[in-house]
Amino acid sequence: MTETRKVAVVAGNRIPFARQDKTYRHASNSDMLTAALNGLVDRTGLGGQELGEVVAGAVLKHARDWNMVREVVLGSKLAPSTAAYDIQQACGTGLEAAILVGNKIALGQIDAGIAGGVDTASDAPIAVNNALRNVLLDINRAKSLQDRVKVLSRVRPKDIVPEIPRNAEPRTRKSMGEHAALTALEWGITREAQDELAYRSHLNLAAAYDRGFQQDLITPYLGLEKDQNLRADTTIEKLAKLKPVFGKGETATMTAGNSTPLTDGASAVLLSTDEWAAEHGLRPLAYLTHSQTAAVDYVKGAEGLLMAPAYAVPRMLQRAGLTLQDFDYYEIHEAFASQVLSTLKAWEDPIFCKERLGLDAPLGEIDRDKLNVNGSSLAAGHPFAATGGRIVAALAKQLDENGGGRGLISICAAGGQGVVAILEK
Amino acid sequence: MTDRYQTFTRTPLGRTLVKNLGLPDPTPLPRWTEGSAVIDGQVVFGAIGETDTGKAIQALLRDIGASFSTAAEGVASSTLRPKALVFDATGATSTADLTSLQRFFSPLIRQLGTAGRVIVVGRTPELSATPEQQIAQRALEGFTRSLGKEVKRGATVNLVYVAPDAQDQLDSTLRFFLSAKSAYVDGQVVRIGTGQLVGNDPAAPLAGKVALVTGAARGIGAAIAQTLARDGATVLGVDVPQNANDLRKVIAKIGGNELLLDVTAIDAPQRIAAAGADLGGLDIVVHNAGITRDKRLANMRTDTWDAVLDVNLRAPERITAHLLESGGLNEGGSVIGVSSIAGIAGNNGQTNYATSKAGVIGLVQALAPRLADRQLRINAVAPGFIETEMTARVPFAIREIGRRVNSLQQGGQPVDVAETIAWFADPASAGVTGNVVRVCGQSMLGA
Ligand SMILES: NC(=O)c1ccc[n+]([C@@H]2O[C@H](COP(=O)([O-])OP(=O)(O)OC[C@H]3O[C@@H](n4cnc5c(N)ncnc54)[C@H](O)[C@@H]3O)[C@@H](O)[C@H]2O)c1
């Protein structure tokens with residue numbers, strides 16, 4: 001086999017993230033992904049060009065969107081001869097898409113590609129329940145009008161109740177927040193620490209907007225220029241006043257302020273070889289050098305639903321020959337403040353590291369000043385599949401701005417999965 | 001978890017119906033309250049000859065301030081209403097001596113007071129000097145188990161076998177069986193061996209001790225935590241994060257420490273050891289966390305089977321092994337398992353549960369001899385029908401049967417299990433190891 005090639009992150013773009021049922025309530029996944037993609041094509045001057053591949057996905061997707069990404073490409077400013085496919089790995093979708101594109105570039109199968117993700121919590125695919133679905137299918141099969149009426153008479157009022165997708169695990173029927181609340185209790189994560197993390201997320205994202213950092217990372221959409229969830233003026237006191245929404249009783253600590261809200265949005269990242277970038281008048285911001293996925297058995301309660309990144313990162317570090325401290329930036333997706341804090345605490349815990357990770361010594365502490373320096377999901381919001389692209393683009397730009405360095409990305413996903421990666425320059 | 005039937009039998013209408021229809025008539029059992037005497041009432045002591053054990057028993061009776069009379073043979077008297085009958089049968093060297101049982105008890109037994117206590121003390125049959133003695137001693141079991149079924153008004157009958165030269169170890173056990181702490185322990189046989197003599201304060205026998213209680217958020221576990229704390233222990237309460245609120249309430253009341261984890265987690269043994277070490281090491285370990293997932297074996301799913309075995313048996317096994325290996329259990333420490341009569345008698349729909357609970361007995365039997373030379377002990381309680389959330393979920397008819405099919409005709413309270421555990425935990429019970437004591441009101445199941 002030939003040497004693998006370096007995978008450069010060249011540019012990234014997203015639309016501002018909107019809160020559920022607000023500005024983007026009538027926008028579809030395809031609309032939003034097209035907007036993010038076209039913004040990226042415009043900024044990089046790739047209009048009409050054919051790329052190696054576009055890989056993207058959505059977590060909540062209508063059945064009719066079975067070939068969504070290819071359809072988006074056809075409706076975008078890219079050449080219609082650009083191949084595309086859909087993927088889905090819950091909240092890890094966006095980062096996994098970048099890894100897939102990166103791997104093909106590394107292997108020399110393509111020279112450039114776009115990875116993306118989109119999600120809408122407003123235009124969610126509502127399904128009819130199984131009873132009604134069977135009736136409808138039978139109507140379709142019925143031969144005469146009389147037969148159809150007969151079948152239709154089987155419909156009962158309860159059959160008309162739609163099945164709205166919940167942010168819940170099919171196997172435990174618990175929402176992600178309820179799962180995270182249990183993990184928070186196990187790790188003794190306090191309300192104060194969670195609010196502090198949320199506060200810093202808003203502060204950092206607001207500062208990133210203020211210093212113009214987001215300028216070439218965002219394309220305004222439907223009149224929205226900034227993330228709708230961002231509260232630049234929030235304070236610890238305001239956050240402390242919110243009532244817990246996950247968990248119950250006096251041990252409940254997770255509020256709407258320290259948990260991510262349901263959000264709509266899309267993102268896209270351009271990856272390529274150095275040569276391809278140079279040929280197109282573009283320049284690498286950073287390189288995608290390592291990645292790893294892991295999954296945990298959360299069903300029996302043996303491990304927290306969102307703890308898989310805690311396993312993925314040490315495996316990746318070992319392959320990369322790095323320690324947890326060898327980074328200038330840490331991008332740990334803030335699904336919930338408690339999830340970030342549980343992960344960090346686990347890495348500091350000798351028992352967790354020995355018994356669960358099989359390590360002789362704990363991974364240790366990180367410098368909190370290097371964590372989510374431009375804000376993360378608590379402030380920006382979290383349209384599931386779009387988060388990976390947001391993080392990859394922002395971290396690449398931060399590394400470039402810094403004149404080099406190394407950044408860690410860690411994203412937890414439903415189903416007890418984790419997707420992590422390293423960007424370096 | 002009230003027993004409505006029992007409450008009803010205390011009403012005038014209830015009394016009439018019970019009498020006329022011959023319905024079960026459970027006597028409300030008094031429970032021990034802090035500060036009360038070991039026993040409140042007259043004790044009659046009898047013996048087969050004068051023995052060291054008999055002397056030790058009498059010394060204890062004097063110690064606890066009991067008013068007692070001694071008699072080789074019982075004497076019926078209309079004024080006598082003894083609260084306890086204690087009989088030293090260690091002197092029985094042959095079956096001929098068994099006559100003394102009848103001579104002593106027959107005249108007295110009808111006069112035994114409400115919630116009375118009968119304690120027969122014998123010589124551990126296996127450790128008898130001669131075959132004749134062994135036969136006679138073994139025979140005692142049939143006597144106490146039958147008498148347990150005869151006595152009325154909430155009285156209990158238990159047999160304590162004491163090893164040669166172990167009479168100095170009797171104190172904590174006699175205190176337990178004489179007092180209301182053993183209200184629901186009936187028809188049991190316990191074995192006491194030699195051990196270090198520990199002179200502790202019977203009012204706070206666990207002072208300075210650290211006790212781990214798993215499943216402490218509710219039910220029997222909460223009662224165990226409270227009882228051990230009452231006896232002076234610092235409690236480390238463990239339960240799953242789902243029950244964090246309940247656990248916090250229990251722990252707040254007793255000023256202990258909480259640890260939220262699933263005992264089946266891969267690192268649970270290490271986490272427990274670490275939390276124990278922070279408190280100076282564990283002295284008492286109570287494996288109370290338990291679950292039921294009832295299904296006939298033909299319908300049993302793999303995960304249903306595994307879940308029960310993991311929580312009820314593998315977790316206690318792993319946690320105990322790690323504590324022993326890592327030195328997480330202090331010298332003189334006491335491990336206590338929570339089995340079940342289902343583990344002894346078996347139960348329809350409980351192959352998984354009964355396997356796990358019989359395994360807990362196996363844990364006791366396997367470890368007791370191995371731990372003895374390290375001054376560590378292991379025992380188990382096997383509760384019968386105890387009024388908790390677990391049993392409140394049992395269908396009414398089955399629950400009603402469960403409550404009544406025992407000599408005391410009622411369910412036990414969580415505190416009854418807790419008091420038995422506190423007796424095991426008491427450092428003064430140094431001679432008590434390898435025992436499985438049922439807290440079942442002498443249930444007919446598996447007896
Ligand atoms: N109630 C009875 O009649 C009865 C009879 C025989 C034996 N038992 C035994 O007594 C013990 C306590 O029973 P109970 O009636 O109080 O039950 P319960 O269900 O009221 O309480 C059990 C406690 O254990 C905890 N627990 C369960 N799985 C756990 C895990 N994996 N990790 C940590 N904690 C866990 C639960 O959260 C709960 O707080 C059990 O071992 C049970 O099998 C009870």
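By convention in this document, chain letters (A, B, ...) are assigned in the order of the sequence lines, proteins followed by strands, and residues within each chain are numbered from 1.
Contact annotation for residues 345-353 of chain A against chain B (heavy-atom separation below 4.5 Å, listed by residue number): A:Asp349, A:Ile351, A:Phe352. Using a 4.5 Å heavy-atom cut-off against chain A, the contacting residues of residues 271-286 of chain B are B:Arg271, B:Ala274.
Other residues, nucleotides and ligands contribute only 12 or fewer heavy atoms inside 6.0 Å of the CD atom of A:Gln318. A:Lys370 NZ: more than 12 foreign heavy atoms inside a 6.0 Å radius. Within 6.0 Å of CG in B:Asn299 there are more than 12 heavy atoms belonging to other residues, nucleotides or ligands. More than 12 heavy atoms of other residues, nucleotides or ligands sit less than 6.0 Å from atom CZ of A:Arg319. Heavy-atom neighbours of B:Lys253 NZ from other residues, nucleotides or ligands within 6.0 Å: at or below the threshold of 12. Within 6.0 Å of atom CD in A:Glu365, 12 or fewer heavy atoms from other residues, nucleotides or ligands are found, so the atom counts as exposed in its surroundings.
A:Thr251 pairs in a side-chain contact (heavy atoms from CB on, under 4.5 Å) with only one of the listed residues (B:Asp246, B:Asn245, B:Leu247, B:Leu260), which is B:Asn245.
One distance of note links CD of A:Glu303 with CD1 of B:Ile266; it measures 10.0 Å at 0.5 Å rounding. Separation of atoms CG (B:Asp239) and CG (A:Leu185) is listed at 11.5 Å; rounding is to 0.5 Å.
Within the 4.5 angstrom heavy-atom criterion, no atom of A:Lys354 approaches chain B.
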